[in-house]
Enquirer: 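The structure is given below, and queries will be raised subsequently.
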Amino acid sequence: MARIDLRDLTLPEMAALLEEAGQPAYRARQLCHWVYQRLVTDCAQMSDLPLALRQWLAERCYVSTLTLVCRQQSVDGTEKFLFALEDGRQIETVLIPAPPRRTLCVSTQVGCALGCRFCLTAQGGLVRHLRPAEIVNQVLFFCQPGQTPPRPFTNIVFMGMGEPLDNYRGTVQALRILTAPWGVGISPRRITVSTSGLVKRLEAFGKEGLKVNLAVSLNATTDEVRSQLMPVNKAYPLARLLAACRAYPLAPRQRITFEYVLLAGVNDSLADAQRLVKLLQGLRCKVNLLPFNEIPGAPYRRPDDETVQRFQAYLLAHGLSAFVRQSRGRDISAACGQLRYDAQAQPALTGTPPLAMLTPPRRSQGQEKPGARAESRRVESASAD
Ligand code: SAH
Ligand code: SF4
């Protein structure tokens, strides 16, 4: 029988588990405290639990951790962490210092099924969803009980590898664990989930009551261009996506962030800026402009700075909040859209070696053709919505 990873569980699920062991419900809080706050991974060390219960847990359960394979630092201070999962697959997590913030960018899938043409993560298709524990562990890796400051990050964005709402259950469960007082206890206001626009999932997500921030990757102002760039637009065109955004429940001062990757000559004209203003009319929102980060194999270019500024100026002049997001960590392929699952990557190191000893990963150059298996998974997964 497969052992249960305690870091996959919420408080009520831990209570249900402990009931099987004939234990009172309050023990679930103690267990959560060890697993999510004291960060103890050995059941034997959970000293306020009865010895017999510790043994019972050790036989059936475990507490997972990620194995650090490699850590790279960019000239701009951005750090990228390559982690190995239990099955040897690898994911990337990025820590971006932008004083006074330090943003942790986490992955929700190994690869991605959505196939956006400008994104490197798309190129290998979807390999698999992450379990809630694998998402939560990307955060817990950076937390040490008793350290000052308590956490080396101030914000978390679900903008790493994968489409969070395609891994709906994994994402929602991880968010509950990260935000609950019995869990990691991070304010939902400091967490942003980014989606490419799986509308039905977005509608369901709004009803979960999680109170996290929402970002939507818009990236185009006509269905024709958006469908070329993002196949998801064929299932959920702009009108449907924006209607779902208008209906999305927001807290009093909360706004939706619309992300817009600027691609030279594709979606960066003044006519695009005009259409964008119209599309977003009446929405409580802000726009993040992301000048394209070049990736191997994509037929796009980054617009020049003047074009980017002109686009932003038009939005500002027409009442939209618009920011240009300078890409961070480009020299270590850690910027938006540059994360990918590298099947040829070196095997995981076991244990957690001293960080200074770690070497950069071998990254294959050039475009990888998506394999047939990845293609079929892509269709399956996207149509499951
Ligand atoms: N799947 C989610 C979250 C991960 S992608 C989503 O699509 O929203 C995070 C952001 O990176 C998205 O806004 C996406 O549009 C952007 N992005 C992807 N590839 C990029 C690239 N090559 N250059 C700049 N931004 C990119
Ligand atoms: Fe997936 Fe987001 Fe990349 Fe599109 S932009 S392929 S949804 S990770």
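The shown structure was predicted, so the numbers you read here are calculated from the model rather than taken from an experiment. Atoms considered below: every heavy atom in the structure, side chains included; atoms not considered: hydrogens, waters and symmetry mates. First listed ligand is number 1; within each ligand, the first listed atom is number 1.
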Enquirer: Can the positive tip of K286 be found less than 6.0 Å from the middle of the six-membered ring of F323, inside 45° of the ring normal?
Expert: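 Output yes; distance and angle both within limits.
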
Enquirer: Would you please test N233 and D223 for side chain to side chain donor-acceptor pair (under 3.5 Å) and show each step?
Expert: CA-CA 7 Å; N233 193 67; D223 279 322; 3.1 Å; yes

Enquirer: For ligand 2, which atoms, with element, lie under 4.0 Å from some heavy atom of L114?
Expert: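 Listed by number with element: 7 (S).
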
Enquirer: Assigning hydrophobic clusters by single linkage (Ile, Leu, Val, Met, Phe, Trp, Tyr; side-chain heavy-atom cutoff under 4.5 Å), is V139 placed with M159?
Expert: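 No, no single cluster joins them.
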
Enquirer: Going by the atom numbers of ligand 2, which of them fall below 4.0 Å from some non-hydrogen atom of S196?
Expert: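 Selected atoms, number and element: 7 (S).
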
Enquirer: For S64, is there any backbone N or O sitting under 3.5 Å from a side-chain donor or acceptor partner on R7?
Expert: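 A pair under 3.5 Å: yes.
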
Enquirer: What protein heavy atom sits nearest atom 3 (Fe) of ligand 2, and how far off is it?
Expert: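 Residue, atom and distance for the closest contact: C119 SG, 2.4 Å.
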
Enquirer: I'd like to check which ligand 1 atoms, numbered from 1 as shown, lie under 4.0 Å from a non-hydrogen atom of C119.
Expert: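 The atoms of ligand 1 under 4.0 Å from a heavy atom of C119 are 18 (C), 19 (N).
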
Enquirer: Report yes or no: does C112 have an N/O/S atom closer than 2.8 Å to atom 3 (Fe) of ligand 2?
Expert: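 Coordinating: no.
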
Enquirer: Parallel, tilted or perpendicular: which describes the rings of F83 and F142, with under 30° parallel and over 60° perpendicular?
Expert: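 Judged by the thresholds at 30° and 60°, the geometry between F83 and F142 is perpendicular.
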
Enquirer: Which residue and atom name correspond to the protein heavy atom nearest atom 7 (O) of ligand 1, and how close is it?
Expert: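 For atom 7 (O) of ligand 1, the nearest protein heavy atom comes out as S217 OG, 3.5 Å.
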
Enquirer: Near G162, which atoms of ligand 1 are under 4.0 Å from a heavy atom of that residue?
Expert: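 Every atom of ligand 1 under 4.0 Å from some heavy atom of G162: 1 (N), 2 (C), 3 (C), 4 (C).
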
Enquirer: My understanding is that only one of E134, E163, H129 makes a side chain to side chain donor-acceptor pair (under 3.5 Å) with Q109; could you say which?
Expert: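 The residue from E134, E163, H129 that satisfies side chain to side chain donor-acceptor pair (under 3.5 Å) with Q109 turns out to be H129.
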
Enquirer: Would you mind telling me if ligand 1 is within reach of the side chain of N219, the backbone, both or neither, using heavy atoms under 4.0 Å?
Expert: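 Contact part for N219 vs ligand 1: side chain (C-beta onward).
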
Enquirer: Determine yes or no for a side-chain-to-main-chain donor-acceptor pair under 3.5 angstrom, with R151 supplying the side chain and C143 the backbone.
Expert: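 No: the side chain of R151 does not pair with the backbone of C143.
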
Enquirer: Looking only at protein heavy atoms, which one is nearest to atom 17 (N) of ligand 1, and how far off is it?
Expert: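 Residue, atom and distance for the closest contact: V261 CG2, 3.9 Å.
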
Enquirer: Counting heavy atoms only, name the option from E294, E259, E163, R325 that's nearest to atom 10 (C) of ligand 1.
Expert: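 Shortest heavy-atom distance from atom 10 (C) of ligand 1: E259.
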
Enquirer: Looking only at heavy atoms, is any part of N293 under 4.0 Å from ligand 1, and if so is it the side chain, the backbone, or both, or is it neither?
Expert: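 N293 to ligand 1: contacts from backbone and side chain alike.
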
Enquirer: If the cut-off is 4.0 Å to any non-hydrogen atom of A122, which atoms of ligand 2 fall inside it?
Expert: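 The list of qualifying atoms is 6 (S).
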
Enquirer: For T307 and D268, test the side chains for any donor-to-acceptor distance below 3.5 angstrom and give the result as yes or no.
Expert: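 Checked: T307/D268 side chains show no N/O donor-acceptor pair below 3.5 Å.
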
Enquirer: Which ligand 1 atoms does T195 reach within 4.0 Å, using its non-hydrogen atoms?
Expert: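 Per the distance check, 6 (C), 8 (O).
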
Enquirer: For G170, is there any backbone N or O sitting under 3.5 Å from a side-chain donor or acceptor partner on Q173?
Expert: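 Not a single qualifying donor-acceptor pair exists.
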
Enquirer: What protein heavy atom lies closest to atom 8 (S) of ligand 2? Include the residue and the distance to one decimal.
Expert: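 Ranked first by proximity to atom 8 (S) of ligand 2 is G162 O, 3.7 Å.
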
Enquirer: Of all the non-hydrogen atoms in the protein, which one sits nearest to atom 21 (C) of ligand 1, and at what distance?
Expert: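 For atom 21 (C) of ligand 1, the nearest protein heavy atom is C336 O, 3.3 Å.
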
Enquirer: Any idea which protein heavy atom is nearest atom 19 (N) of ligand 1, and the distance to it?
Expert: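 Result for atom 19 (N) of ligand 1: G337 CA, 3.1 Å.
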
Enquirer: Measuring from the heavy atoms of G160, does anything fall under 4.0 Å of ligand 1?
Expert: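 Heavy atoms of G160 do come under 4.0 Å of ligand 1.
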
Enquirer: Give me the one residue out of E208, K200, R201 that meets side chain to side chain donor-acceptor pair (under 3.5 Å) with Y168.
Expert: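 One option only clears the test, and that one is E208.
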
